[in-house]
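Below is one structure, written out as structure tokens, with a few remarks after it.
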Amino acid sequence: MTKERLISLDVFRGLTILLMTIVNNPGSWAAIYPPLAHAEWHGCTPTDLVFPFFIFIMGSAIPFAMPTKQFDSVVFNKIIVRSLRIFCLGLFLNYFSRIELLDLEGISLLLLRLIITFAVAYALLGNFSLKIKTYLVIGILAILLILAYSQIEAFKDVRMPGVLQRIGIVYFLVSLLYLKTNLKTQLMVAASILLGYWIVMAFVPVPGFGAANFEKGTNLAAWLDNLVLKGHLWSYSKTWDPEGILSTVPAVATGILGMFIGQILNLKIQQTEILKKIAVIGFGLIIAGLLWSILFPINKSLWTSSYVLYSAGIATLCLTLLYFLIDVANYKKFTKLFLIWGVNPMIVFFFSGIIPRVLSSITIQNPEKSTEQINLQSYFYKFCIVPIFSNPMNASLTFAVIYAIFWSLILWVFYKNKLIFKV
């Protein structure tokens with residue numbers, strides 16, 4: 001039985017998805033304000049908090065979705081199917097621009113890609129029986145994996161890891177941990193993960209590179225990515241992946257810490273007591289993360305143990321503030337915009353990645369150079385937004401905000417018509 005939704009948690013999710021949409025869609029990556037960019041390597045900007053916030057929120061929602069802790073074959077099947085659906089949604093995003101058939105090109109090829117995309121989205125987001133969901137997601141996963149390792153030119157170097165892939169894996173492991181263990185065991189598992197990850201990264205020599213290190217491309221996580229997923233990694237790095245194999249392990253601890261806070265929010269005690277508890281925990285996690293960063297730097301790409309504690313602490317304090325305003329003080333006037341984002345996260349995650357790919361696929365004549373083509377996204381930004389601003393960073397941010405407004409309108413229609421798309 002599902003417990004009544006916690007509005008502050010939905011609002012927090014909505015804020016996070018909205019921020020994700022803005023930071024992922026600037027008009028120009030060469031002109032963005034520093035807080036809207038990832039840290040170059042070590043360090044943490046507001047943008048670096050988006051991903052761990054979403055995993056933290058996912059963990060926090062688990063006790064509300066499964067308050068009775070009932071575990072049987074049906075529940076296990078539901079968990080694994082949901083995890084695989086999330087995984088496949090993220091994996092398909094890496095395939096979209098690679099889909100080819102015969103000699104199709106231009107608009108014909110784009111229409112083919114869109115038809116396949118909507119079919120996949122319907123299969124992975126549609127409300128079917130559990131049996132049909134199971135068959136569909138296993139079939140889609142099998143096709144994607146076969147294509148990746150089939151040596152077909154278009155897919156032979158397609159990226160396998162990704163944001164949604166990591167979320168799907170973490171959801172599966174954290175859900176099982178919640179249903180099969182008590183809170184003490186869960187915290188012990190989280191502590192073991194964080195300590196174990198630090199020990200492995202800090203002390204195990206890296207084959208081919210020498211001593212253990214935390215540098216880009218030469219650390220143990222990078223070595224493992226290149227060993228297991230060689231040729232299927234992040235295109236900007238080629239030899240390692242920010243959502244790689246080893247760095248996914250501490251992300252499980254992020255989910256567990258979120259689940260820990262979710263269980264506190266579920267306690268049958270006074271709301272003021274809940275506020276005190278989670279506020280103290282939030283500050284404690286931040287301090288612990290900063291102290292650990294002296295030995296193990298805060299780093300999103302490595303998902304270091306200090307980064308887990310630091311980001312989870314900030315997430316806890318954000319949720320504390322929202323819980324106080326919305327659920328304790330009953331101040332809800334500002335929540336509607338974020339609620340419409342928070343109740344439909346997966347549709348935004350998936351299609352906000354598809355739309356820019358579509359716009360980049362459609363080209364028209366460049367008004368400045370008649371012999372060249374320009375894609376629709378670049379055209380809109382360069383000729384409709386850039387001329388308005390003297391500061392290119394303002395122009396770039398405006399493009400992202402317009403895209404977010406576009407999605408807000410779509411999500412408002414979904415919300416008014418009670419259309420919620422769940423995996």
Side-chain angles (χ1 to χ4, degrees), residues 29 34 37-45 47-52 55 87 90-91 93-94 98 145 148-149 151 153 155-170 173 189-257 288-312:
W29 288 103
H38 290 291
E40 179 61 29
W41 187 240
H42 296 323
C44 185
T45 71
T47 297
D48 291 315
L49 295 173
V50 172
F51 193 2
I55 291 181
F87 188 96
L91 190 56
L93 286 174
N94 299 336
R98 296 169 176 270
L145 291 178
Y149 293 97
Q151 296 303 307
E153 187 66 27
F155 304 108
K156 68 178 183 180
D157 61 349
V158 66
R159 184 188 181 200
M160 300 305 292
V163 171
L164 287 178
Q165 292 91 308
R166 174 170 287 181
I167 290 173
I169 292 169
V170 173
L173 295 173
V189 170
S192 299
I193 286 173
L194 297 180
L195 284 169
Y197 185 58
W198 170 59
I199 291 170
V200 166
M201 290 292 290
F203 299 105
V204 175
V206 184
F209 292 100
N213 68 89
F214 308 133
E215 300 308 313
K216 190 181 296 185
T218 62
N219 59 76
L220 191 66
W223 171 80
L224 183 62
D225 288 343
N226 198 43
L227 177 68
V228 179
L229 298 173
K230 187 174 183 178
H232 294 282
L233 298 169
W234 192 40
S235 61
Y236 294 100
S237 62
K238 302 293 187 183
T239 58
W240 60 274
D241 200 288
E243 281 80 53
I245 299 169
L246 191 56
S247 60
T248 295
V249 176
V252 175
T254 300
I256 294 172
L257 290 174
L290 290 173
L291 289 174
W292 205 342
S293 70
I294 298 172
L295 297 175
F296 200 11
I298 292 174
N299 186 301
K300 175 189 174 292
S301 292
L302 294 178
W303 212 276
T304 55
S305 302
S306 58
Y307 173 71
V308 170
L309 297 178
Y310 179 72
S311 59

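Because only heavy atoms are used, hydrogens play no part in the values below, and waters and symmetry mates are left out as well, while side chains stay in. Starting from 1, each residue takes its place in the sequence as its number.
To the nearest 0.5 Å, the span separating CG on Leu229 from CD1 on Ile245 amounts to 4.0 Å. Atom CD of Glu243 is separated from atom NZ of Lys300 by 5.0 Å, given to the nearest 0.5 angstrom. To the nearest 0.5 angstrom, Thr254 atom OG1 is 11.5 Å from Ile167 atom CD1. We find the OG-OH distance between Ser293 and Tyr310 to be 9.0 Å, quoted to the nearest 0.5 Å. The line from CZ of Arg159 to OG of Ser237 is 8.0 Å long, rounded to the nearest 0.5 Å.
Residues satisfying the side chain to side chain contact (heavy atoms under 4.5 Å, CB included) criterion with Ala251, sequence neighbours excluded, are Ile55, Arg166, Val170, Trp303. The side chain to side chain contact (heavy atoms under 4.5 Å, CB included) check on Pro205 picks up nothing, with sequence neighbours excluded. Legend: residues meeting side chain to side chain donor-acceptor pair (under 3.5 Å) with Gln151, ordered by chain and number and at least two apart, are absent. Thr304 is linked by a side chain to side chain donor-acceptor pair (under 3.5 Å) to Ser306, counting only residues two or more places apart in sequence or in another chain. Scanning for salt bridge (Lys or Arg N to Asp or Glu O under 4.0 Å) contacts around Lys238 gives an empty result, with sequence neighbours left out. For the side chain to side chain donor-acceptor pair (under 3.5 Å) test, residues two or more places apart in sequence or in another chain that qualify with Asn299 are His42. Among residues two or more places apart in sequence or in another chain, the salt bridge (Lys or Arg N to Asp or Glu O under 4.0 Å) test is passed with Asp225 by none. Remark: Thr218 engages Phe209, Asn213, Glu215 in a side chain to side chain contact (heavy atoms under 4.5 Å, CB included) (not counting sequence neighbours). Every residue meeting the side chain to side chain contact (heavy atoms under 4.5 Å, CB included) condition with Ile169, not counting sequence neighbours, appears here in chain and number order: Phe87, Leu173, Thr248.
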For residues 191-199, which side-chain donor-acceptor pairs fall under 3.5 Å, sequence neighbours excluded?
residue: Ser192; atom: OG; partner: Met188; partner atom: O; Å: 2.8
residue: Tyr197; atom: OH; partner: Leu302; partner atom: O; Å: 2.4

Would Ser305 and Trp292 count as a side-chain contact (heavy atoms from CB on, under 4.5 Å) if you check the C-alpha gap in whole Å, the side-chain angles of each, and the deciding distance to 0.1 Å? CA-CA 8 Å; Ser305 302; Trp292 205 342; 3.7 Å; yes
Stepwise side-chain contact (heavy atoms from CB on, under 4.5 Å) check, Met160 with Leu145: CA-CA 9 Å; Met160 300 305 292; Leu145 291 178; 3.4 Å; yes
Test side-chain contact (heavy atoms from CB on, under 4.5 Å) on Leu91 and Val158 and set out the steps. CA-CA 9 Å; Leu91 190 56; Val158 66; 6.0 Å; no
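Residue pairs that meet the side chain to side chain donor-acceptor pair (under 3.5 Å) test with at least one member in residues 227-236, sequence neighbours left out, do not exist here. Sorted by first then second residue, the salt bridge (charged side-chain N to carboxylate O under 4.0 Å, His left out) pairs that include residues 189-203, not counting sequence neighbours, number zero.
Counting heavy atoms from C-beta on, the side chains of Val308 and Pro52 never come closer than 4.5 Å.
Relative ring orientation between Trp41 and Trp240 is described as perpendicular, the plane-to-plane angle rising above 60° on a 0-90° scale split at 30° and 60°.
The backbone N or O of Asp48 sits less than 3.5 Å from a side-chain atom of Tyr307, completing a donor-acceptor pair.
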